[in-house]
Amino acid sequence: MNKPYDGSIDYHCHILPTVDHGCSNTDMCREQLEMAKRAGVTTVISTSHFYPQNDRVEEFLEKREIGLRVAKTIAKEKGIVLVPCAETLWCPGIEKMEGLDSLIAKEEGFNHLLLEFPFVEFDTDKAMKTLKAVHEKYGCEIILAHVERYNPSQILEFDMDYITYQINARSFHKLSRKLKVNKYLKSGKKIVCGSDIHGLDNTYKYF
């Protein structure tokens, strides 16, 4: 299979110890990064969950910084570049949230915000206005997380040139996701890949 994405970059992973439910301790972080290394990944963008309705940016950043110090040390030992970001849950008006710019990936030439839509019906028009406002305010690209989990007809409406679609690696090989993935591949949009690793699942084997 010719990959429609750069398999050396993991745009979506949960590998910061104790920052969210994706990585419970330092040993797990080390094992996750070792799996990434074996898969040929050279850059991981850490995307711990950020829920605007539950979290305060300041508290999230303090916790993230502790996890980053540990994970960056391990990543460096393994020859992997680690870039801090977040998996931010979309909500109406999020562009007005103080500190949103701190959740944007800004290191190593990246400049994007990873946004996750809720798994319930959401207002496409409101979402589109929000994405436009975020882009205009911060000048960043917006990556929509694991788009294969949603209705492609709705997601494909977000066809602005600053929008990128992120698909989880295992979904390229999963029959139940094949039709959705193909729709996104045929859209002409930029596609990036993420492991969305939580714990020690085997997602990196799909890279």
Side-chain angles (χ1 to χ4, degrees), residues 5-20 22-23 26 28-52 55-90 94-95 97-116 131 133-147 160-169 190-198 203-204 207:
Y5 57 85
D6 183 350
S8 69
I9 303 174
D10 183 357
Y11 278 85
H12 184 170
C13 64
H14 300 269
I15 51 87
L16 300 187
T18 73
V19 180
D20 66 14
C23 182
T26 299
M28 182 175 287
C29 173
R30 181 173 286 105
E31 290 186 55
Q32 288 173 320
L33 287 168
E34 177 59 29
M35 287 191 290
K37 178 182 177 181
R38 289 200 300 266
V41 174
T42 57
T43 300
V44 295
I45 302 176
S46 69
T47 52
S48 301
H49 288 284
F50 178 82
Y51 302 111
D55 304 328
R56 295 178 63 242
V57 175
E58 298 84 356
E59 293 174 354
F60 173 80
L61 293 176
E62 289 176 5
K63 193 173 183 180
R64 187 179 74 172
E65 184 57 34
I66 295 172
L68 276 172
R69 284 200 293 268
V70 174
K72 279 198 169 187
T73 298
I74 297 171
K76 186 176 181 180
E77 292 171 357
K78 297 184 180 299
I80 294 175
V81 174
L82 194 159
V83 177
C85 189
E87 181 180 6
T88 302
L89 182 66
W90 171 85
I94 196 172
E95 74 277 3
M97 186 180 74
E98 186 175 349
L100 181 64
D101 60 321
S102 300
L103 306 180
I104 297 171
K106 297 178 180 177
E107 298 180 8
E108 302 294 329
F110 293 96
N111 182 31
H112 68 263
L113 177 69
L114 181 71
L115 279 181
E116 174 186 29
L131 301 185
V134 169
H135 172 70
E136 290 180 347
K137 185 173 183 179
Y138 298 107
C140 64
E141 179 182 7
I142 297 171
I143 298 180
L144 302 182
H146 40 58
V147 292
M160 301 82 93
D161 59 5
Y162 50 85
I163 299 292
T164 293
Y165 298 155
Q166 182 261 307
I167 296 175
N168 288 351
K190 180 181 177 183
I191 301 292
V192 296
C193 187
S195 66
D196 197 7
I197 189 170
H198 287 73
T203 187
Y204 278 117
F207 264 72

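Throughout, numbering of the chain's residues begins at 1 and tracks the sequence.
Between Leu82 atom CG and Cys13 atom SG the span is 7.0 Å, to the nearest 0.5 Å. Here the CD atom belonging to Glu95 is positioned 13.5 Å from the CG atom belonging to Asp101, to the nearest 0.5 angstrom. Distance check: Asp10 CG to Cys193 SG gives 7.0 Å after rounding to the nearest 0.5 Å. Expressed to the nearest 0.5 Å, how far CG of Asp196 lies from OG1 of Thr203 amounts to 7.5 Å. Distance check, rounded to the nearest 0.5 Å: CG of Leu114 to OG1 of Thr164 gives 10.5 Å. Of the inter-residue distances, the one linking Ser195 atom OG with Gln32 atom CD reads 8.0 Å to the nearest 0.5 angstrom.
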Test side chain to side chain contact (heavy atoms under 4.5 Å, CB included) applied to Leu113 and Leu100, step by step: CA-CA 9 Å; Leu113 177 69; Leu100 181 64; 4.2 Å; yes
Pair Phe60-Ser102, side chain to side chain contact (heavy atoms under 4.5 Å, CB included): steps then yes or no: CA-CA 10 Å; Phe60 173 80; Ser102 300; over 6 Å; no
Stepwise side chain to side chain contact (heavy atoms under 4.5 Å, CB included) test for Met35 and Ile197: CA-CA 10 Å; Met35 287 191 290; Ile197 189 170; 3.8 Å; yes
Derivation of the side-chain hydrogen bond (donor to acceptor under 3.5 Å, both in side chains) call for Glu108 and Thr43: CA-CA 9 Å; Glu108 302 294 329; Thr43 300; over 6 Å; no
Side chain to side chain contact (heavy atoms under 4.5 Å, CB included) between Leu16 and Arg64, worked out: CA-CA 7 Å; Leu16 300 187; Arg64 187 179 74 172; 3.6 Å; yes
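In this structure, the side chains of Thr26 and Arg30 come closer than 4.5 Å at one or more pairs of heavy atoms. For the pair Ile15/Ile74, no side-chain contact is recorded, criterion being any heavy-atom separation below 4.5 Å from C-beta on. With a 4.5 Å cut-off on side-chain heavy atoms, Pro52 and Phe50 count as touching. By the 4.5 Å heavy-atom criterion applied to side chains, Lys37 and Ile80 are counted as neighbours. Residues Ile163 and Leu144 form a side-chain contact, since some pair of their non-hydrogen atoms from C-beta on lies under 4.5 Å apart. Counting heavy atoms from C-beta on, the side chains of Cys140 and Asn111 come closer than 4.5 Å. At least one side-chain heavy atom of Met97 sits less than 4.5 Å from a side-chain heavy atom of Leu103. Side chains of Ile9 and Val192 form no contact here, defined as non-hydrogen atoms less than 4.5 Å apart.
The aromatic rings of Tyr162 and His135 lie parallel to each other, with less than 30° between the two planes, well short of the 60° mark. Aromatic ring pairs are classed by plane angle as parallel below 30°, tilted from 30° to 60° and perpendicular above 60°; the pair Tyr11 and Phe110 is perpendicular.
The minimum heavy-atom distance linking Glu87 with Ala145 is given by the pair OE2-CB, 4.1 Å. Between Pro17 and Gly67, the shortest heavy-atom contact is CD-O, 3.8 Å.
Look at Lys63 and Glu59 and you find no salt bridge, because none of the NZ, NE, NH1 or NH2 atoms lies under 4.0 Å from a carboxylate O.
Put simply, the residue from Thr47, Val41, Thr42 that forms a side chain to side chain contact (heavy atoms under 4.5 Å, CB included) with Val44 is Val41. Screening His112, Glu116, Lys190, His12 for a side chain to side chain contact (heavy atoms under 4.5 Å, CB included) with Ile143, the sole residue that qualifies is His112.
Summarising the local packing, NZ of Lys76 is surrounded by 12 or fewer heavy atoms from other residues, nucleotides or ligands at distances under 6.0 Å.
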